[in-house]
Every structure is written in C-alpha cells, then in structure tokens.
> 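Supplied in structure tokens, the structure appears directly below.
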Amino acid sequence: MPFIQYGWLSTGLVFVNLFIIFVLVPRIVAQRRESAATLAWVFFILLVPIGGAVAYHLFGTRRLRKRVRRRVSARAQVAPVAARVDATLRAFAFDPAGHEADDPSDNELATRIFAVDRSTATAGNDVLLLPEGPQAFASLEEAIASAKHHVHALFYIFRPDDTGRALLSLLAERARAGVEVRLLVDAVGSLELRPTDTRPLRAAGGRVAEFLPVNVLAKPFSVNFRNHRKIVVVDGRVAFTGGMNVGDEYRGRKTPQGPWRDLLLRLRGPAALRLQEIFVDDWHYATDERCADPVYFPPPERPGRVVVQVVASGPDSSHEAIHHSFFSAITGARRRVWLTTPYFIPDVAIFVALTTAALRGVDVRLLLPGVSDHRLVLYAGQSYYDELLAAGVRIFEFRKGFLHAKTLVVDHAWTALGSANMDMRSFRLNWEANVVAYEAQLARAVALDFLRDCEQAVEVKRPLVRSGWRRAREAGSYLLSPLL
C-alpha cells in the first residue's frame with residue numbers, strides 16, 4: 001500500500017513539473033525581457049521546476065498591467081499639480097547652452113542628460129552633503145522640528161528600533177502642534193513596522209500609509225515593484241533625499257556587517273518642489289488623497305547656486321531615466337568616473353560603458369562593499385572583477401562596515417546621488433529618485449568623501465587569486481545575476 005501511495009505521489013509530481021515547464025517557460029519567453037534574464041529563469045525552472053516556479057512568482061513576474069493602469073489614473077488626477085510645478089520651475093530653468101562652464105565638457109554632459117530625462121533642471125539651489133549618520137539624522141530632525149505647515153516623509157525601510165521610534169515620536173509631536181504629517185513606507189521594505197508602532201502618530205493626527213501592500217491572494221502576488229525612494233519634504237522648502245532609510249544601522253550603530261556607511265542630501269530651493277511633486281504623486285497612488293493645494297508648493301527662493309535635476313524612474317514607465325542618465329554620463333566622460341554602490345550588478349550597457357571608458361583613458365574607479373547584507377549579490381558583483389580590471393578599472397572594497405552610499409562623480413562638476421543602486425532592480429523594477437547636480441564644489445566634496453573611503457578600503461589587484469570554492473560561488477552567482 002505505501003508503495004502504491006508513493007507511486008501516485010511521484011506520478012503527480014511528474015505531471016506538476018511538466019505542467020510548470022510547458023506552461024511557465026513559454027510565458028517567460030513571451031515576455032521578451034533581456035535575453036540573459038530569460039535564459040537564467042528558464043534554466044532555473046528546468047533544473048528545479050517547483051522551486052523555480054515559486055521563486056518566479058515571488059521575484060520574477062513583471063506583470064504590472066493593473067498597477068500601471070491604476071498608476072496612470074492616479075497620475076492623471078494630480079496632473080494639474082505637475083503642470084503647476086513645471087510652470088513654476090520654468091522660471092528657474094537652467095539652459096546649458098547659455099551657461100559658461102569652467103570645463104566645456106560640463107555643458108556637453110548636461111545637455112546629454114537633459115535629453116534623456118524630461119524633468120526641468122533648476123538653478124539657485126543650496127545642496128548640503130551629509131555623509132555621516134549622526135549628522136544626517138540631526139539635520140533631518142532639526143528640519144522636522146521647525147516645520148510650520150507640513151512634513152511629508154517617504155522611506156523604503158522604516159524600522160521600529162530606537163532611531164525609528166525617536167523619529168515617530170518627533171513626527172507625532174509636530175502633528176499634535178497642528179502640522180500636517182504624512183508618512184509613506186514601502187510595504188515590503190518596512191515589513192517590521194506594525195500599526196501599533198505608528199498608533200501614537202495616527203492618534204496625534206498624522207497619516208500613515210503603505211505603498212503597494214503585500215497580498216498573498218493578489219494575482220499575481222509579487223515582492224517586486226517596490227518604492228525604494230527616500231524623500232522628506234518640510235513645508236515645501238527643505239527636502240532630504242539619498243540612500244539613508246530609518247534604522248539604527250543608518251545612524252551608524254553597529255550591525256553584523258559593522259557600521260553602515262551612507263549619506264543624505266539636504267536640498268533648499270526650487271528642486272525641493274520636484275521632490276515634493278514625486279511624494280504627492282506616490283501618496284495619491286497609495287491613498288487617493290490629492291495634495292493639490294498651492295500651500296504645498298510655495299514660490300521657491302534662490303538660496304544657493306547649484307544646478308539640480310531630480311531624475312525619477314519606476315516600472316510603470318518605459319523611459320528608464322536613471323539608467324539612461326548613468327549610461328549617458330559614463331559614455332560622455334572625459335576625465336573620471338568614480339562610482340560608489342552597495343549592490344553592483346550592471347547590465348550589458350553599463351558594463352560596456354564602464355570598460356570602454358577605462359580603455360579610452362578615463363580614470364574609472366569603483367568603490368564597492370567587501371561585506372554585504374546580501375551575500376549572493378556581493379558574489380555576483382565580484383564575478384565581474386576580472387574583465388573590469390583587465391580594462392583598467394580600479395576597484396576598491398570597503399570592509400570597515402557596510403558601504404550603502406550610492407554616488408557617481410563624472411569629470412569636473414557632474415554628480416549623481418540618491419536611492420538607485422547600480423543594478424537591474426533599481427533600473428527596472430523599483431521606483432527610485434536621484435539628484436543630479438552640476439556644481440564643481442559639490443563634486444569636489446563627493447570626490448573627497450570617495451577618496452577618504454578608498455583610503456580605508458582594500459584595492460583589488462590583478463592577478464586575482466581565488467580558491468576553487470570562491471570561483472564556484474562567483475560563477476553560480478553570475479549565472480543568477482540577471483534574476484537579482
């Protein structure tokens with residue numbers, strides 16, 4: 001009898017495997033994604049049909065039609081807000097053709113980036129780089145404490161630890177004082193944050209919402225398409241963005257990977273309105289509340305001289321603005337490309353851009369983590385080292401903690417900072433926001449920060465000596481890299 005039952009079970013599993021292979025594989029091929037990703041998913045499912053099908057359902061599906069339709073509908077509702085912001089920013093618009101730059105290549109690079117993104121670049125901004133966790137949170141908390149009308153906050157990760165509870169307490173205090181407080185968190189990134197954690201804020205009059213709540217009964221259920229942005233806007237005049245989420249590790253407290261190295265930007269000026277527009281769009285999509293009142297978009301001042309372009313992208317747009325801006329900047333570089341990223345899994349275009357830039361004499365340096373919170377991603381990134389080093393790229397591994405900053409400095413005055421990693425998930429699957437700045441002093445500050453981190457890092461030299469186990473894990477991770 002047990003033999004018969006086992007026979008029925010094994011036969012059933014065979015039919016399930018065949019069904020998965022002959023139904024799911026053609027569907028993956030029909031999606032016409034990148035060939036490397038298609039082949040990786042097909043081989044994974046052929047090798048482990050049931051496990052591969054579950055993994056694809058969770059991480060691989062790219063069906064976003066219903067969400068795209070809803071997003072487009074939501075954006076149409078706030079279109080008047082976007083139009084008003086664009087009209088306001090045109091008075092501060094920067095025209096590279098009429099700008100006399102210190103380095104002629106700066107204007108050429110600015111023109112290339114403006115061509116690949118539709119957002120207005122504005123002059124007259126003040127930008128402060130906050131590369132240390134305690135300093136960054138002190139500046140953020142000071143701005144929130146001074147809020148008079150509203151605080152809008154969006155984070156991918158918001159942990160209910162000491163740092164998170166302190167920020168929630170501050171937000172609740174401002175809400176009790178009559179300030180409008182809206183907190184938007186990503187449902188997957190902030191899975192630890194419970195309604196009980198935000199109850200005091202809501203009781204004080206603040207509003208809390210989740211972006212794309214996870215529903216296992218949804219069709220399709222997927223943990224893709226996350227809002228990876230980090231944005232805080234205070235009274236429509238001061239904005240913060242960068243790579244920092246809310247958690248003890250971002251403040252600089254020790255973790256299993258060591259202290260986290262990250263940065264935050266404080267923006268004042270017309271560019272703050274663009275970050276406000278992004279928040280209002282995301283908030284409306286999550287809650288159906290329109291923040292259309294002009295009080296959220298006060299007439300901007302000119303507190304500085306930095307030219308800023310806020311570049312946003314997401315899976316609901318076929319225009320991969322951040323990916324295009326990175327590619328265009330690297331291919332247009334004449335002197336240097338200094339890149340910092342915690343997750344390095346470049347697609348073919350970015351990989352070729354980096355190696356080609358190095359081969360034509362550009363100073364290309366990559367500052368990457370030597371320890372990571374995602375080891376598979378770390379190993380996948382290391383699998384690209386041989387070809388990069390052969391092309392003349394210099395690679396530094398930061399091992400005194402976990403490197404989480406995301407920066408790119410190109411030539412004399414072009415700098416990009418924000419939420420986007422140098423990987424396909426940030427380019428195509430997540431909602432991201434980056435700041436592109438055109439200013440030599442800021443570029444020098446980011447470059448000095450880069451060099452200080454390189455001094456504490458270990459430069460990877462050729463020839464690379466690896467154990468058989470390390471070669472095997474890198475090879476396996478490389479094969480899976482299109483899926484990460």
> For the residue pair F396 and D453, establish whether any side-chain heavy-atom pair is separated by less than 4.5 Å.
no
> Within the distance-only criterion (no hydrogens, no angle test), does the side chain of D411 pair as donor or acceptor with the backbone N or O of A333 below 3.5 angstrom?
no
> Do the side chain of R226 and the main chain of L212 share a donor and acceptor less than 3.5 angstrom apart?
yes
> How close do L184 and A286 get, counting heavy atoms only, and between which atoms?
CD1-CB, 3.7 Å
> Drop me the distance from D423's CG to R425's CZ, to the nearest 0.5 angstrom.
7.5 Å
> Look at R253 together with D162 and state whether they make a salt bridge at an N to O cut-off of under 4.0 Å.
yes
> According to salt bridge (charged side-chain N to carboxylate O under 4.0 Å, His left out), who are the partners of R302, at least two apart in sequence or on a separate chain?
none
> Can you tell if the side chain of T331 reaches within under 4.5 Å of the side chain of T356, non-hydrogen atoms only?
no
> Has the side chain of T340 got a donor or acceptor atom that lies under 3.5 Å from a matching backbone atom of K406?
no
> Are any side-chain N or O atoms of S190 and backbone N or O atoms of A187, one a donor and one an acceptor, separated by less than 3.5 Å?
no
> Is there side-chain contact between Y343 and D373, with heavy atoms separated by less than 4.5 Å?
yes
> Is a salt bridge present between R274 and E277, judged by a nitrogen-to-oxygen distance below 4.0 Å?
yes
> What's the spacing between I395 CD1 and L389 CG if we round to 0.5 Å?
4.0 Å
> Which residues pass the ring-ring contact (aromatic ring centres under 6.0 Å, His included) test with H228, sequence neighbours left out?
Y156
> Determine the minimum heavy-atom distance between L275 and V233, stating which atoms define it.
C-CG2, 4.1 Å
> Quick check for you: to the nearest 0.5 Å, what is the distance between E210 atom CD and L193 atom CG?
8.0 Å
> Does the side chain of W283 come within less than 4.5 Å of L154's, by heavy atoms?
no
> Within this structure, what is the CD-CE distance for the pair E249 and M244, rounded to the nearest 0.5 Å?
11.0 Å
> Check the surroundings of atom CD in Q441: do more than 12 heavy atoms from other residues, nucleotides or ligands lie under 6.0 Å from it?
no
> Suppose the criterion is salt bridge (Lys or Arg N to Asp or Glu O under 4.0 Å): which pairs have a residue in residues 338-362, not counting sequence neighbours?
D347-R428
> Evaluate the side-chain proximity of F297 to T88: yes if any heavy-atom separation is below 4.5 Å, no if none is.
no
> Counting N and O atoms only, with roles assigned by atom type, does the side chain of N434 sit under 3.5 Å from a partner on the main chain of A420, one being a donor and the other an acceptor?
yes
> Just to verify, what does Y250 make a ring-ring contact (aromatic ring centres under 6.0 Å, His included) with, not counting sequence neighbours?
W260, H404
> What ring pair (Phe, Tyr, Trp, His ring centres under 6.0 Å) pairs are there with at least one residue in residues 345-373, not counting sequence neighbours?
F351-Y384
> So L429 and M424, side chain to side chain contact (heavy atoms under 4.5 Å, CB included) or not? Walk me through it.
CA-CA 7 Å; L429 295 180; M424 288 169 276; over 6 Å; no
> With distance as the sole test, does T341 use its side chain to make a donor-acceptor pair with the main-chain N or O of M422 at under 3.5 Å?
yes
> Using 30° and 60° as the class limits, which term best fits the ring planes of F427 and H323: parallel, tilted or perpendicular?
perpendicular
> Tell me whether the rings of F155 and F158 are parallel (<30°), tilted (30 to 60°) or perpendicular (>60°).
perpendicular
> Report all side-chain donor-acceptor pairs from residues 124-134 shorter than 3.5 Å, counting only partners two or more places apart or in another chain.
from	atom 1	to	atom 2	distance (Å)
N125	OD1	A271	N	2.8
N125	ND2	T122	O	2.9
N125	ND2	T122	OG1	3.1
N125	ND2	V306	O	3.2
D126	OD2	R266	NH2	3.2
D126	OD2	R268	NE	3.4
D126	OD2	R268	NH2	3.3

> Is it true that S419 and E432 share a donor-acceptor pair across their side chains at a distance under 3.5 Å?
yes
> Verify, without hydrogens or angle tests, whether S426 (side chain) and N421 (backbone) share a donor-acceptor contact under 3.5 angstrom.
yes
> Decide yes or no on salt bridge (charged side-chain N to carboxylate O under 4.0 Å, His left out) for D449 and R261, but give the supporting numbers first.
CA-CA 11 Å; D449 195 58; R261 187 76 173 88; 2.7 Å; yes
> Does E397 reach the side chain of Y385, with side-chain heavy atoms less than 4.5 Å apart?
yes
> CD of E142: more than 12 outside heavy atoms within 6.0 angstrom?
no
> Nearest 0.5 Å, what's the CD-CG distance between Q456 and L451?
12.0 Å
> Tell me if a side-chain donor or acceptor on N227 pairs with a main-chain N or O of D186 at a distance below 3.5 Å.
no
> Counting N and O atoms only, with roles assigned by atom type, does the side chain of S328 sit under 3.5 Å from a partner on the main chain of S325, one being a donor and the other an acceptor?
no
> Does any part of the side chain of T415, heavy atoms only, come nearer than 4.5 Å to the side chain of T407, both counted from C-beta?
no
> Parallel, tilted or perpendicular, judged at 30° and 60°: which one describes the rings of F211 and Y285?
tilted
> Can you check whether W414 reaches L408 side chain to side chain, under 4.5 Å on heavy atoms?
yes
